[in-house]
Amino acid sequence: MTEEKDPFAFLTLTVPKRAPVFPGSVGTFRYRLVRSGRENEGTIEASVYENICFEKAQNIETQTFPWSEDGMAQIRAWLAEKLRERSAQPFTIFGGR
């Protein structure tokens, strides 16, 4: 990533509280967070996958992190690394510009 705004800065301890599964995207880069347990005791499974629904994705990378402040920082760093590796294109419909 260049010195642009961090697209994952909003991922804090409150995000997993909103829903047990939290999907997101940056253009065509897709990710998903799945919580289990409770804050500061449980875990969050973070996954990245190709630009398709998770259920049909084949190229899924997953890592588990603690559901804590440190764990959320690790998730943000991991997602940023995966975004650099996989890159992303701006999202378009029907290949339009």
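Between Gly37 and Trp67, the shortest heavy-atom contact is O-CZ3, 3.3 Å. Between Phe29 and Ser87, the shortest heavy-atom distance links the atoms CB-O, 4.2 Å. Between Ile60 and Ser47 the shortest heavy-atom distance is CG2-CB, 4.1 Å.
Between Tyr31 and Phe22, the angle of the ring planes lies from 30° to 60°, which puts this pair in the tilted group.
Side-chain contact between Val26 and Leu79 is absent, with no heavy-atom pair separated by less than 4.5 Å. Looking at Arg30 and Glu50, their side chains never come closer than 4.5 Å, going by heavy atoms from C-beta outward.
For the side-chain contact (heavy atoms from CB on, under 4.5 Å) criterion with Met72, the lone passing option out of Arg76, Glu69, Gln74 is Arg76. For the pairing with Arg86, the side-chain contact (heavy atoms from CB on, under 4.5 Å) check across Asn51, Thr28, Val48 returns one residue only, Val48.
Remark: the Gln63 side chain and the Trp78 side chain contain an N/O donor-acceptor pair separated by less than 3.5 Å. The closest side-chain donor-acceptor pair between Thr64 and Thr43, if any, does not fall under 3.5 angstrom.
With Phe54 as the aromatic partner, Arg32 meets the cation-pi criteria of under 6.0 angstrom to the ring centre and within 45 degrees of the ring axis.
Note: the hydrophobic cluster containing Leu13 also contains Ile75 (ILVMFWY, side chain heavy atoms under 4.5 Å, direct or indirect links). Linking Ile, Leu, Val, Met, Phe, Trp and Tyr residues whenever their side-chain heavy atoms come within less than 4.5 Å places Leu83 and Leu11 in a single cluster. Val34 and Phe10 fall into different hydrophobic clusters, where Ile, Leu, Val, Met, Phe, Trp and Tyr residues are linked whenever their side-chain heavy atoms come under 4.5 Å apart, directly or through other members.
Atom CD of Glu85 has more than 12 heavy atoms from other residues, nucleotides or ligands within 6.0 Å.
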